[in-house]
There are 2 protein chains.
Amino acid sequence: MSLASDQARPGAAEKPTLYKRIRLDIETRILTGEWPPGHRIPFEHQLMARYRCSRMTVNKALSELAQADLIERRRRAGSFVRRPQHLSAVLKIADIRAEITALGRSYGYQLIDCRRRTATAADRARLGVSTAGKVIVIACRHSADNVPFAVEDRLIDLSTVPEAATADFSHEPPGSWLLHHVPWTEAEHTISAVVADDRTAKALHIAVGSPCLVIDRYTWRSARTVTAVRLHYPGETHRLVARFKGG
Amino acid sequence: MSLASDQARPGAAEKPTLYKRIRLDIETRILTGEWPPGHRIPFEHQLMARYRCSRMTVNKALSELAQADLIERRRRAGSFVRRPQHLSAVLKIADIRAEITALGRSYGYQLIDCRRRTATAADRARLGVSTAGKVIVIACRHSADNVPFAVEDRLIDLSTVPEAATADFSHEPPGSWLLHHVPWTEAEHTISAVVADDRTAKALHIAVGSPCLVIDRYTWRSARTVTAVRLHYPGETHRLVARFKGG
DNA sequence: CACGATTATATGTCTAGACATATAAGTCAA
DNA sequence: TTGACTTATATGTCTAGACATATAATCGTG
């Protein structure tokens, strides 16, 4: 594992390119807290002078930091360290069906419950809306190679996605349908841990009281809530893995 | 999706810049499956011709797609659509002390145990090394406003970081020390859920059997393992939150 | 003082080049 | 066939400019 590219002689640290060095320098200052959230990063032309390079080079470094959400750039004002998103995490929005099939496992889907109703107070709170429109409430289960993979509880706001009223979720998972029919503009993920209650334990074929990884995802289109979904994964078998480079 | 009618509606629909249009065009083809994983994207040359722009412009579009892990770029070979990630998660490496103080809460640190020993078989397996060098084993606790925030179990490979032998971890958390002294080049995070065992429950002041979020982080410098750390967070109070844009 | 107009400035995008470098592919000898 | 060498080529990085654009700051006017 771990990148077997051992062609480098021990101690022969390859010199990174200039823009990467600039990016790493800034990143380090941010991650160590030397430059706290809100701190203004030196202007591009100051960095040009410090590193003796062209503006495009520092611009590339800063642009990548901005794409990684470590800094925020504002015209005329400068570039600023962003507030950390509480152990900032980025989870790409993903379709469970695509995820499972990409792993070469067979995907299974069982619709547990699907109903349409006027949003209750709890529904409105969950979706973050104040008016009481219609919603779709879905419970379903995803499995991989016939083993339960996750249970899903979803709420879809029909006032944002009226087309969903005519969709058939008995065979197509709502996540896949939404991904193909509704472009999202913003999303929020929250990861937490719980112990399985009776219903979840039954659906996942695990013991009551065993740990579950929970992912809550909210999706918006412009300023309108599209959907709120909670996924329970068996915590002992499911893992979220992320590998990334810092150089 | 519908990048269709983008005509001159008075107040809205500002024309995106060229490189963003290139990026969106490619992104759309990937997300709709028109260009499946493994498909080779047109060479920069060809895109220059198609969009009648300079190489730097198409390069910027492709670089951003590469940073977002949608494509992979290989010298001489070209750029290729990547296989979708296994619910790919990216957690920025962060220093818990900086994280807590950034939230405006007071940071507390308690060293539970710190010892130095020749790596056991289990240590070697955890660090992914085969030779039996010296390691530092640390257990400590982080708290926010005097409430336990996380317990940490860490292994530091002294053959990679000999300077750590003389570091004093009785007051400085090892994560902070490492961030300041050892630049990392790669890291891997795994998130899972467990139920608290006796020791963890005591340290976090929670009940045995309550859920915990677990983050395992491995850090490398070049091809050498720097440290392996496991963090237990109380699952009922701790959340990993991520907000991001998809437009 | 309040408020609109102007200006200065930092970032955003783009160009037309340059040389570096990794590597797929082809070539040739053992 | 295999291995070593060469070459072609696509990407990687960088430069020294250019103009566009959003907006913080300043200025001027009522």
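Please read these numbers as outputs of a predicted model, since none were measured by experiment. Sequence lines set the chain letters: A, B, ... in the order given, protein chains first and strands last, and positions in each chain run from 1.
B/Arg40 has its CZ atom 11 Å from the C1' atom of C/dA24, to the nearest Å. In this structure, B/Met48 places its CE atom 11 Å from P of D/dT11, rounding to the nearest Å. Distance A/Glu72 CD to C/dT11 C1': 13 Å, rounded to the nearest Å. Rounding to whole angstrom units, CD1 of residue A/Ile41 and C1' of C/dT11 are separated by 13 Å. Per the geometry, CD belonging to A/Glu44 stands 11 Å off P belonging to C/dT13, to the nearest Å. Taking atom CE on B/Met56 and atom P on C/dG12, their separation rounds to 15 Å, with Å as the unit. Taking atom NE2 on B/His45 and atom P on D/dA8, their separation rounds to 15 Å, with Å as the unit. Atom P of nucleotide C/dA10 and atom CD1 of A/Ile71 are separated by 16 Å, given to the nearest angstrom.
In this pair, A/His142 and A/Tyr109 present their aromatic rings tilted. The plane angle is within the 30 to 60° band. Between A/Phe149 and A/Tyr233, the two ring planes are perpendicular [angle over 60°; tilted spans 30° to 60°].
B/Glu72 and B/Arg40 are not joined by a salt bridge, as no carboxylate oxygen comes within less than 4.0 angstrom of a charged side-chain nitrogen. B/Asp153 has no carboxylate O lying under 4.0 Å from a charged side-chain N of B/Arg230, or vice versa, which leaves the two without a salt bridge. Of the charged side-chain nitrogens involved, none lies within less than 4.0 Å of a carboxylate oxygen, so that B/Arg217 and B/Glu152 do not count as a salt-bridged pair.
Within 4.0 Å of A/Ser63, counting heavy atoms only, lies no atom of the nucleic acid at all. Among the protein residues, A/Leu18 comes within range of the sugar-phosphate backbone only, with heavy atoms under 4.0 Å from sugar or phosphate atoms but none that close to a base.
In the set D/dC14, C/dC14, D/dT11, D/dT11 carries the atom at the smallest distance from any side-chain atom of B/Arg73. Of the listed nucleotides (D/dC14, D/dA10, D/dA16), D/dA10 has the atom at the smallest distance from the side chain of B/Phe43.
Between D/dT13 and A/Thr17, a contact under 4.0 Å exists linking OP1 or OP2 to a side-chain N or O. Between D/dG17 and A/Ser54, no contact under 4.0 Å exists linking OP1 or OP2 to a side-chain N or O. For the pair B/Lys20 and C/dG12, the criterion of a side-chain N or O lying under 4.0 Å from OP1 or OP2 is not met. At C/dG12, none of the side-chain N or O atoms of B/Lys60 fall inside 4.0 Å of OP1 or OP2 (strictly under the cut-off). OP1 or OP2 of D/dT11 lies within a sub-4.0 Å distance of a side-chain N or O belonging to B/Ser79.
A/Tyr107 and A/Asp145 share no side-chain donor-acceptor pair at under 3.5 Å.
If A/Tyr19 and A/Arg55 are placed on DNA chain D by their nearest nucleotide, the residue sitting closer to the 5' end is A/Tyr19.
When all heavy atoms of B/Ser143 and B/Ile100 are compared, the closest pair comes out as O-CD1, 3.8 Å.
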Return the polar atom pairs (N/O with N/O) between nucleotides 20-23 of chain C and the protein under 3.5 Å, or none.
residue : atom : partner : partner atom : Å
C/dT21  : O2   : B/Arg75 : NE           : 3.1

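Relative to the six-membered ring of A/Phe80, A/Arg74 meets both conditions, a distance below 6.0 Å and an angle of at most 45° to the axis.
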